[in-house]
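Read through the structure below, which is laid out as structure tokens, and then see the notes.
A note on names: the letters A, B, ... follow the listed sequences, proteins ahead of strands, and every chain is numbered from 1.
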There are 2 protein chains.
Amino acid sequence: MDIIEKCDCTAVHEDILNKVKNNMPCENNLYNLAETFKILSDGTRVKILYALLNSDMCVCDISALLDMTQSAISHQLRVLKQARLVKYRREGKSVYYSLDDEHIKSIFDQALVHINEK
Amino acid sequence: MDIIEKCDCTAVHEDILNKVKNNMPCENNLYNLAETFKILSDGTRVKILYALLNSDMCVCDISALLDMTQSAISHQLRVLKQARLVKYRREGKSVYYSLDDEHIKSIFDQALVHINEK
DNA sequence: CTAACATATGAACATATATTCATATGTTTA
DNA sequence: TAAACATATGAATATATGTTCATATGTTAG
């Protein structure tokens with residue numbers, strides 16, 4: 001039984017490796033970070049979140065705003081809902097969506113600072 | 001020739017729509033936002049960035065740290081390089097990568113605030 | 001110059017994901 | 001209750017993406 005070698009380099013810097021290894025966030029946080037960014041990595045979802053930043057909206061309004069089918073919007077709202085980024089309430093035939101996270105704006109703003117300096 | 005109807009609802013709220021429409025960031029910013037988050041949406045890339053937050057590292061070190069093949073790391077470093085999130089310098093046979101963005105930490109921190117409140 | 005080492009890269013493959021289409025569910029009005 | 005409306009959802013499709021494998025490029029030691 002062979003040990004699988006992922007890195008066969010001989011030049012590994014043990015000191016650096018140990019220092020960095022000790023400062024790495026836990027696996028769980030790293031996973032959640034990537035998952036969070038994955039939710040925000042789609043243009044349609046970013047637009048929806050930005051829209052909701054200004055006003056609650058029903059699915060119909062969002063469809064009209066983004067000029068996309070109701071189905072496409074509905075699917076994306078489900079993703080945002082599962083990620084707990086938005087919540088919803090029913091009002092008659094309509095379903096209104098709103099933000100369920102106070103940090104979205106800060107996250108967007110930080111990313112925009114990055115973008116606007118490049 | 002028919003006009004394609006993306007939303008055939010009759011219940012569109014014109015006032016809300018106009019208000020939101022005026023407050024939407026430009027298409028370009030929205031696109032760049034999603035693109036930025038897409039770069040950060042992969043676990044391997046998040047780990048690499050967190051590692052580089054503590055120390056410059058050669059490809060070999062990163063491979064060893066994450067227990068992944070040199071090739072996989074190299075491919076991801078290329079993505080990060082193209083996104084201008086990391087830069088590199090050659091030192092003999094090794095290539096050292098380092099962060100090329102001061103905002104990564106703030107972006108991660110903001111996202112972690114979100115994560116840790118859910 | 002040649003061998004050994006460190007990194008980069010193209011192609012292939014498997015997997016994930018966004019949208020469409022058809023249709024189901026839920027609500028109100030007539 | 002039936003019809004119209006608003007939204008949700010499963011299946012299918014097309015596309016994007018991460019890793020592996022093989023190999024190329026670049027650097028240094030002998």
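Listed by chain and residue number, nothing satisfies the side-chain hydrogen bond (donor to acceptor under 3.5 Å, both in side chains) test with A/Q110 (two or more places apart in sequence, or in another chain). Residues that satisfy the side-chain hydrogen bond (donor to acceptor under 3.5 Å, both in side chains) test with B/K81, not counting sequence neighbours, are absent from this structure. Looking at residues two or more places apart in sequence or on another chain, you find a salt bridge (Lys or Arg N to Asp or Glu O under 4.0 Å) between A/D56 and A/R89. Residues satisfying the side-chain hydrogen bond (donor to acceptor under 3.5 Å, both in side chains) test with A/Y88, not counting sequence neighbours, are none. Judged as a side-chain hydrogen bond (donor to acceptor under 3.5 Å, both in side chains), and not counting sequence neighbours, A/N18 has no contacts. Residues meeting the salt bridge (Lys or Arg N to Asp or Glu O under 4.0 Å) test with A/K21, sequence neighbours left out: none. Under the side-chain contact (heavy atoms from CB on, under 4.5 Å) criterion, A/K87 pairs with A/S98, A/D100, not counting sequence neighbours. Residues satisfying the side-chain contact (heavy atoms from CB on, under 4.5 Å) test with B/R78, not counting sequence neighbours, are B/H75, B/Q82.
Of the residues in residues 41-48 of chain B, those with a non-hydrogen atom less than 4.0 angstrom from any atom of DNA chain D are B/D42, B/T44, B/R45. The stretch residues 74-82 of chain B comes close to DNA chain C through B/S74, B/H75, B/R78, each having a heavy atom under 4.0 Å from the strand.
For D/dT20, the OP1/OP2 oxygens have a side-chain nitrogen or oxygen of B/T69 closer than 4.0 Å.
The CE atom of A/M68 sits 7 Å away from the C1' atom of C/dT19 (whole-angstrom rounding). To the nearest angstrom, P of D/dA16 lies 9 Å from NZ of B/K38. Here C/dT20 presents its P atom at 12 Å from CG of A/L66, a figure rounded to the nearest Å. When rounded to the nearest whole Å, the span between CD1 of B/I62 and P of C/dT7 equals 9 Å. Rounded to whole Å, the distance from OH on A/Y96 to P on D/dT7 is 8 Å. Rounded to an integer number of Å, the gap from CG of A/D67 to P of C/dT20 is 10 Å.
Checked by atom type and distance alone, the side chain of B/R45 pairs as donor or acceptor with a backbone atom of B/I39 at under 3.5 Å. Using modelled atom types, no side-chain atom of B/D67 and backbone atom of B/S63 make a donor-acceptor pair closer than 3.5 Å.
The stretch residues 27-42 of chain B participates, sequence neighbours left out, in these side chain to side chain donor-acceptor pair (under 3.5 Å) pairs: A/K47-B/E27.
Residue A/Y97 is classed as a sugar-phosphate contact, given heavy-atom separations below 4.0 Å to backbone atoms only.
Contact of A/S71 with D/dT7 (side chain to base): no donor-acceptor pair of N or O atoms is detected under 3.5 Å.
For B/V59, whose side chain is taken as the heavy atoms from C-beta onward, the closest listed nucleotide among C/dA8, D/dA8, C/dT20 is C/dA8. Of the listed nucleotides (C/dT7, D/dT19, D/dA6), D/dA6 has the atom at the smallest distance from the side chain of A/S94.
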* Heavy-atom protein contacts under 4.0 Å, nucleotides 23-30 of chain C, coded B base, S sugar-phosphate only, - none -> ---SBS--
